[in-house]
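Reading through the structure tokens given below for one structure.
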Amino acid sequence: MSTKYPIIISQTKFMHRDTLHYPFEERGLQFGDGVYEVIRIYHGAYYLLDEHINRLFRSAAAVKITLPFTKAEITDLLHALLLKNDVKTDAKVYLQATRGSAPREHTFPSNVTANFYAYVTEQPRNKANLENGVQTITKRDVRWENCYIKSLNLLPNVLAKQEAKEHGCYEAILYRDGLVTECSSSNVYLVKDGKIYTHPATRQILHGCVRIRVEQFAKKLGIPFSETGFSLDDIATADELFLSSSTSEIMPIIAVDDKPIGNGKPGSITKQLQAEYEQDAAITPEHTTI
Ligand code: PDD
């Protein structure tokens with residue numbers, strides 16, 4: 001396959017992406033038995049790299065996968081990956097670690113090493129969506145109770161996001177027991193009377209790396225940030241709504257289930273947070289956009 005960035009990491013070595021093959025009896029392929037990360041790159045430099053590496057190690061420990069490197073080693077490898085591909089654009093790294101290759105048995109195989117790979121793809125900023133905002137649907141959150149683990153088991157997320165797409169929407173907002181948890185691949189926030197609300201960082205949501213920053217930006221701007229969940233009813237009277245992720249950044253939500261949020265335009269607190277994000281990620285006007 002032709003790609004701008006053909007060099008990948010496999011285990012702790014570099015190789016061409018076309019030369020990596022796995023046996024079909026692989027735990028990630030057969031059980032989704034693994035964990036992953038998506039790390040944003042702006043102008044050839046990582047954004048929030050340490051946060052992602054820390055979460056990778058937390059996820060792996062939670063599912064008892066031993067990673068084949070230390071945090072310092074993977075940090076060096078990921079930096080070298082950008083150099084080897086001469087990455088200068090806005091991009092992202094996808095990486096995953098699975099329990100390994102072994103005959104199919106639910107229980108852990110003995111004497112198996114984790115399979116790991118990481119590769120770079122281009123990821124231009126979606127400027128139109130960032131400026132105009134996006135539409136969403138709501139869906140019951142039918143995922144398991146350990147959503148803080150960034151696991152490869154994404155079927156409920158995939159189905160929810162596909163349904164959003166079929167409705168002409170960007171994301172699906174998930175709710176459980178009446179409270180909004182997060183979106184299919186992002187965290188979500190509500191603004192009411194000058195205060196930001198979001199689901200607490202429990203086992204029921206992924207603790208987003210951008211979410212950490214949203215809280216810091218809010219603090220800097222003097223905007224109260226409350227880890228208090230909100231309900232679908234609260235959405236009906238919200239002033240603003242926005243989501244966050246490494247690929248979406250801080251994205252205004254302008255409608256939920258065909259109903260406009262506020263005046264149906266990105267709100268002022270969301271815009272202030274977006275400005276902080278651009279400053280923090282050192283984004284300049286010449287950055288690539290779609
Ligand atoms: N998704 N919640 C879920 C369920 C996610 O999958 C993600 C990230 C987030 C935001 O996390 P962060 O701010 O660390 O990117 C929240 C990535 C981008 C993905 O699966 O493609």
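All ligand and atom numbering here is 1-based and tracks the order in the structure. The shown structure was predicted, so the numbers you read here are calculated from the model rather than taken from an experiment.
- Residue Arg211 places no N or O, backbone or side chain, under 3.5 Å from any N or O of ligand 1.
- The aromatic rings of Tyr277 and Phe217 sit perpendicular, their planes meeting at an angle over 60°, well past the 30° parallel limit.
- Ring centroids of Tyr46 and His52 are separated by 6.0 Å or more, keeping the two rings apart.
- Between Leu243 and Ser248, the shortest heavy-atom distance links the atoms CD1-CB, 3.7 Å.
- Annotation: Tyr36 places an N or O atom under 3.5 Å from an N or O atom of ligand 1; distance criterion only.
- Regarding atom 2 (N) of ligand 1, its nearest protein heavy-atom neighbour is Glu182 OE1, 2.6 Å.
- The main-chain N or O of Asn187 is never found under 3.5 Å from a side-chain atom of Ser245 such that the two would form a donor-acceptor pair.
- When all heavy atoms are compared, the tightest approach of Pro109 to Arg99 is CD-CD, 4.1 Å.
- In terms of heavy-atom proximity, Leu152 sits nearest to Val35 at CG-N, 3.9 Å.
- Of all atoms in ligand 1, listed by their number and element, those nearer than 4.0 Å to a heavy atom of Ser184 are 4 (C).
- The aromatic rings of Tyr117 and Tyr94 lie tilted to each other, with the angle between the two planes from 30° to 60°.
- Tyr189 and Phe225 have tilted rings, their planes meeting at an angle from 30° to 60° on a 0 to 90° scale.
- At a 4.0 Å cut-off, not a single heavy atom of Lys92 sits close enough to ligand 1 to count as contact.
- Smallest separation of non-hydrogen atoms from Arg104 and Gln30: CB-OE1, 3.3 Å.
- The distance criterion of under 3.5 Å between nitrogen or oxygen atoms is not met by Ser244 with respect to ligand 1.
- In terms of polar-atom proximity, defined here as any N/O pair under 3.5 Å, Lys150 does make such a contact with ligand 1.
- Neither the backbone nor the side chain of Glu51 comes within 4.0 Å of ligand 1, counting heavy atoms alone.
- Near His52, the atoms of ligand 1 lying under 4.0 angstrom from a non-hydrogen atom of the residue are 14 (O).
- The N/O atoms of Val210, backbone and side chain alike, include one that comes under 3.5 Å of an N/O atom in ligand 1.
- Ranking protein heavy atoms by distance to atom 18 (C) of ligand 1, first place goes to Thr247 OG1, 3.7 Å.
- For Gly194 against Pro224, the heavy-atom pair with the smallest separation is O-CD, 3.5 Å.
- Looking at Ser186 against ligand 1, only its backbone comes within 4.0 Å, counting heavy atoms.
- Residue contacts with ligand 1 for Val38 involve side-chain atoms from C-beta outward but no N, CA, C or O (heavy atoms, distance under 4.0 Å).
- Taking only nitrogen or oxygen atoms, main chain and side chain alike, Ser246 reaches within less than 3.5 Å of ligand 1.
- The protein heavy atom nearest to atom 11 (O) of ligand 1 is Gly208 CA, 3.4 Å.
- Side-chain contact annotation: Glu171 with Ser184, donor-acceptor N/O pair under 3.5 Å present.
- Given atom 7 (C) of ligand 1, the protein heavy atom at minimum distance is Ser185 O, 3.4 Å.
- At a 4.0 Å cut-off, at least one heavy atom of Arg55 sits close enough to ligand 1 to count as contact.
- For the pair His207 and ligand 1, no heavy-atom separation below 4.0 Å is found.
- No option in Lys92, Lys150, Arg55 other than Arg55 meets the salt bridge (charged side-chain N to carboxylate O under 4.0 Å, His left out) test with Glu37.
- In the vicinity of Asn187, heavy-atom distances shorter than 4.0 Å reach the ligand 1 atoms 10 (C), 16 (C).
- Not a single heavy atom of Cys147 sits less than 4.0 Å from an atom of ligand 1.
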